[in-house]
Amino acid sequence: MKFRIVKSSDIWLLYEWANDEVTRNMSFNTSKISKEDHEKWFVEKMADDTVHLYIAEDGMTEEPLGFLRVDQNGVISFLIDKKLRGKGLGSKILIEFIQFVEGNSVKLGSNQLKALIKTRNRPSVVTFEKAGFELKGIFQHEGEECVEYKYSINLNHEQELGRDL
């Protein structure tokens, strides 16, 4: 597995993934995303140096497996291509992403990754637990019970990678 920074050519792949029915249902905003709104979001995120966007790829075939976004506060958003769900790949992606960040001293704006998940999203809860994230609390968001998980990043040295690997 490998991780690469999102490229402008990924815009419609991310649009497709974001509008998947399960993804929308488990997101805090459950509404379908319009092409116009996605394009605006994508352009803004690509231009924002405090947001880190990665595609997880198969190391051999370079097939896109999933998407990870980490904001300036360390909040991680994560999704897997729907055809790959249910195979235990989620925790593997998260574990390898953490190893990638720690091994390359990638500065994400925070030394902690935080996941905010609807409690009814059991697959994500299990994925983050298997990846070593610790439960830090339960909270309500727009009438929905949610959990917060955290993981402390261990950076071995102070080298900072730019947005272009």
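Basis for what follows: all heavy atoms, side chains included, without hydrogens, waters or symmetry-related copies. FYI, the numbering just counts along the sequence from 1.
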Between CD on residue E16 and CD1 on residue I11, distance to nearest 0.5 Å: 13.5 Å

Enumerate donor-acceptor pairs with a distance under 3.5 Å from any side-chain N or O in residues 91-100 to protein atoms, sequence neighbours excluded.
none

Heavy-atom closest pair, residues T23 and R85: OG1-NH2, 3.0 Å

Closest approach of A18 to R24 (non-hydrogen atoms, all atoms of both residues): O-NH1, 2.7 Å

Within one Ile-Leu-Val-Met-Phe-Trp-Tyr cluster: L89 and F3, side-chain cutoff 4.5 Å: yes

Would you give me the side-chain donor-acceptor pairs under 3.5 Å for residues 61-76, sequence neighbours excluded?
{"residue": "T61", "atom": "OG1", "partner": "D58", "partner atom": "OD1", "Å": "3.4"}
{"residue": "T61", "atom": "OG1", "partner": "E63", "partner atom": "N", "Å": "3.2"}
{"residue": "E62", "atom": "OE2", "partner": "K2", "partner atom": "NZ", "Å": "2.9"}
{"residue": "R69", "atom": "NH2", "partner": "S77", "partner atom": "OG", "Å": "2.9"}
{"residue": "D71", "atom": "OD1", "partner": "N73", "partner atom": "N", "Å": "2.8"}
{"residue": "D71", "atom": "OD1", "partner": "G74", "partner atom": "N", "Å": "3.1"}
{"residue": "D71", "atom": "OD1", "partner": "V75", "partner atom": "N", "Å": "3.0"}

Y149 and its side-chain contact (heavy atoms from CB on, under 4.5 Å) partner, picked from L116, L135, L113: L135

Nearest atoms (heavy-atom pairs only) where K114 meets E148: CD-OE2, 3.6 Å

Salt bridge (Lys or Arg N to Asp or Glu O under 4.0 Å): pairs with one or both residues in residues 121-132, sequence neighbours excluded: none

Considering all heavy atoms, the nearest G90-T127 contact: C-CG2, 3.4 Å

Smallest separation among heavy atoms of N25 and K118, with atom names: O-NZ, 3.1 Å

Shared hydrophobic cluster for V22 and V125 (ILVMFWY, side-chain gaps under 4.5 Å): no

Within one Ile-Leu-Val-Met-Phe-Trp-Tyr cluster: M26 and I138, side-chain cutoff 4.5 Å: no

Pairwise side chain to side chain donor-acceptor pair (under 3.5 Å) hits with a residue in residues 137-146, at least two apart: T119-E145, R120-E144

ring-ring contact (aromatic ring centres under 6.0 Å, His included) involving F128 - partner list, sequence neighbours excluded: F133

Approximate separation, where rounding is to 0.5 Å, of K7 NZ and I55 CD1: 9.0 Å

Heavy-atom pair with the smallest gap, counting every atom of H52 and T50: CD2-O, 3.9 Å

Working for side chain to side chain contact (heavy atoms under 4.5 Å, CB included), residues L14 and W17: CA-CA 5 Å; L14 295 184; W17 282 349; 3.8 Å; yes

Side-chain donor-acceptor contact under 3.5 Å, N29 with S27: no

Side chain to side chain contact (heavy atoms under 4.5 Å, CB included) evaluation trace for V6 with F42: CA-CA 10 Å; V6 168; F42 188 83; 3.7 Å; yes

ILVMFWY cluster, I33 and I80 together (side-chain gap under 4.5 Å): no

Approximate separation, where rounding is to 0.5 Å, of R4 CZ and Y54 OH: 12.0 Å

Partners passing ring-ring contact (aromatic ring centres under 6.0 Å, His included) against F78 (at least two apart in sequence or in another chain): none

W41 side, atom CH2; Y15 side, atom OH - distance, nearest 0.5 Å: 13.0 Å

